[in-house]
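Quick note: numbers below take in every heavy atom, side chains included, and nothing from hydrogens, waters or symmetry partners.
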Amino acid sequence: MDDPPRASADWPRPPACLPHALLDRQPAGARVCVAGLVLVRQRPGTAKGVIFVTLEDETGVANVVVWAKVFERFRRAVIAGRLLRVTGRVQRECGVVHVVAESIEDISHMLDALLHPDGTRAADQP
């Protein structure tokens with residue numbers, strides 16, 4: 001079996017978060033914590049209030065399902081967060097792995113840790 005991917009030293013990974021590349025190794029129903037940059041937020045009209053969020057870390061992407069009740073509790077983080085930490089349960093459907101969110105935390109402040117040696121942030125670059 002291949003060794004699990006290692007996080008780069010400068011990635012602001014929160015403690016105890018699983019790299020996305022290892023999500024497919026977790027059993028269905030396992031409680032996991034993932035973190036990543038928000039790539040996409042989708043709220044299809046036909047999904048009855050469910051929001052789908054795609055997160056990316058240095059190893060891949062994680063598909064997150066946010067049910068309406070969870071969204072109401074963590075609305076601000078879901079809407080405004082650029083970097084999220086999500087705790088939830090692994091779900092498998094049709095060969096796709098999802099994390100069904102139980103709690104969501106906006107950890108966008110950790111992006112400031114990605115400073116260049118001269119003190120400028122990566123987002124400040126032309």
Do you know the tightest heavy-atom contact between Val34 and Leu18? CG1-O, 3.9 Å

Where Ile107 and Ala35 come nearest, the two heavy atoms and their spacing: CD1-CB, 4.2 Å

Under the rule for side-chain hydrogen bond (donor to acceptor under 3.5 Å, both in side chains), what residues qualify as partners of [X], not counting sequence neighbours?
X: Asp106; result: Ser108
X: Glu105; result: Arg85
X: Arg89; result: Glu102
X: Arg75; result: Glu72

Output the rest of the hydrophobic cluster of Val40: all Ile, Leu, Val, Met, Phe, Trp and Tyr residues reachable through side-chain heavy-atom contacts under 4.5 Å, sorted by chain and number. Leu39, Val61

In the hydrophobic clustering that connects Ile, Leu, Val, Met, Phe, Trp and Tyr at side-chain heavy-atom distances below 4.5 Å, which members other than Trp67 occupy its cluster, ordered by chain and number? Val50, Phe52, Val65, Val100

Hey, what do you get for [atom1] ([X]) to [atom2] ([Y]), rounding to the nearest 0.5 Å?
X: Arg31; Y: Thr87; atom1: CZ; atom2: OG1; value: 5.5 Å
X: Lys69; Y: Phe74; atom1: NZ; atom2: CZ; value: 14.0 Å
X: Arg43; Y: Ile51; atom1: CZ; atom2: CD1; value: 4.5 Å
X: Leu55; Y: Cys17; atom1: CG; atom2: SG; value: 10.0 Å

So if I apply the side-chain contact (heavy atoms from CB on, under 4.5 Å) rule between Gln26 and each of Val99, Val90, Val97, which one comes out positive? Val90

Could you tell me if the side chain of Arg76 sits less than 4.5 Å from the side chain of Ile79, heavy atoms only? no

Any side-chain heavy atom of Leu83 within less than 4.5 Å of one from Val38? no

N/O donor-acceptor pair under 3.5 Å between His98 side chain and Ala62 backbone: no

Are the side chain of Asn63 and the backbone of Thr54 linked by a donor-acceptor contact shorter than 3.5 Å? no

Check the surroundings of atom CZ in Arg73: do more than 12 heavy atoms from other residues, nucleotides or ligands lie under 6.0 Å from it? no

